[in-house]
Amino acid sequence: MDAITGGGFSKVKDADEEIQTICDEVKCQVEEKRNEAYAVFKAVQYKSQVVQGINYDIKVHVGGDSYLHLQVWKKLPCYGGEAVVTGVEDHHDKDPIQPF
């Protein structure tokens with residue numbers, strides 16, 4: 001993970017296997033919140049913020065030219081370590097990742 005200053009978010013990075021694993025873990029939560037099933041759910045880019053765990057803003061491709069922007073909190077291992085979706089928004093391919 002890149003150095004993060006003052007609790008702020010990291011720079012935008014290309015998603016890797018770790019971020020895809022988080023997306024796979026929260027896919028059911030997203031589908032339930034959106035009342036929609038996704039055949040494609042591929043992490044594209046993300047930013048992270050160290051808090052009491054890690055906050056992630058993740059851009060996810062969900063098929064065609066559709067994307068979602070997820071806010072996910074990954075709890076510390078001592079609190080179970082699970083990932084929890086805290087927000088979901090429609091996102092467009094050209095849109096930058098921004099907090100919402």
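Keep in mind that what you see is a predicted model, and the values were worked out from it rather than measured.
Using a 4.5 Å heavy-atom threshold, the side chains of V44 and Y67 count as touching. Annotation: side chain of Q29 is in contact with side chain of V84 (closest heavy-atom distance under 4.5 Å). In this structure the side chain of L76 reaches within 4.5 angstrom of the side chain of Q52, judged on heavy atoms.
Distance check: L70 CG to I22 CD1 gives 10.5 Å after rounding to the nearest 0.5 Å. In this structure, NE2 in H69 is found 10.0 Å from NZ in K59, a value given to the nearest 0.5 Å. Separation of atoms OG (S66) and NE2 (H61) is listed at 7.0 Å; rounding is to 0.5 Å. Remark: I54 CD1 to K75 NZ distance equals 14.5 Å, nearest 0.5 Å.
Closest of all the heavy-atom pairs between V85 and V88 is CG1-CG2, 3.6 Å. Across all non-hydrogen atoms, the minimal contact from Y46 to A15 is CD2-CA, 3.8 Å. The minimum heavy-atom distance linking C23 with F41 is given by the pair O-CE2, 3.4 Å. Between A83 and V72, the shortest heavy-atom distance links the atoms CB-CG1, 3.8 Å.
Dense packing is recorded around NZ of K27, with more than 12 heavy atoms of other residues, nucleotides or ligands lying under 6.0 Å away.
Taking K47 as the reference, F9, S10, V12, D57, I97, P99 meet the side-chain contact (heavy atoms from CB on, under 4.5 Å) condition, with sequence neighbours excluded. Applying the salt bridge (Lys or Arg N to Asp or Glu O under 4.0 Å) test to E25 and every residue at least two apart in sequence or in another chain returns K74. In this structure, the side-chain contact (heavy atoms from CB on, under 4.5 Å) partners of T86, at least two apart in sequence or on a different chain, are Q71, W73.
Between the side chains of Q20 and D24, at least one donor N or O lies within less than 3.5 Å of an accepting N or O.
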Evaluate salt bridge (charged side-chain N to carboxylate O under 4.0 Å, His left out) for D90 paired with R34, printing each intermediate quantity in order.
CA-CA 10 Å; D90 288 325; R34 303 286 294 197; 2.5 Å; yes
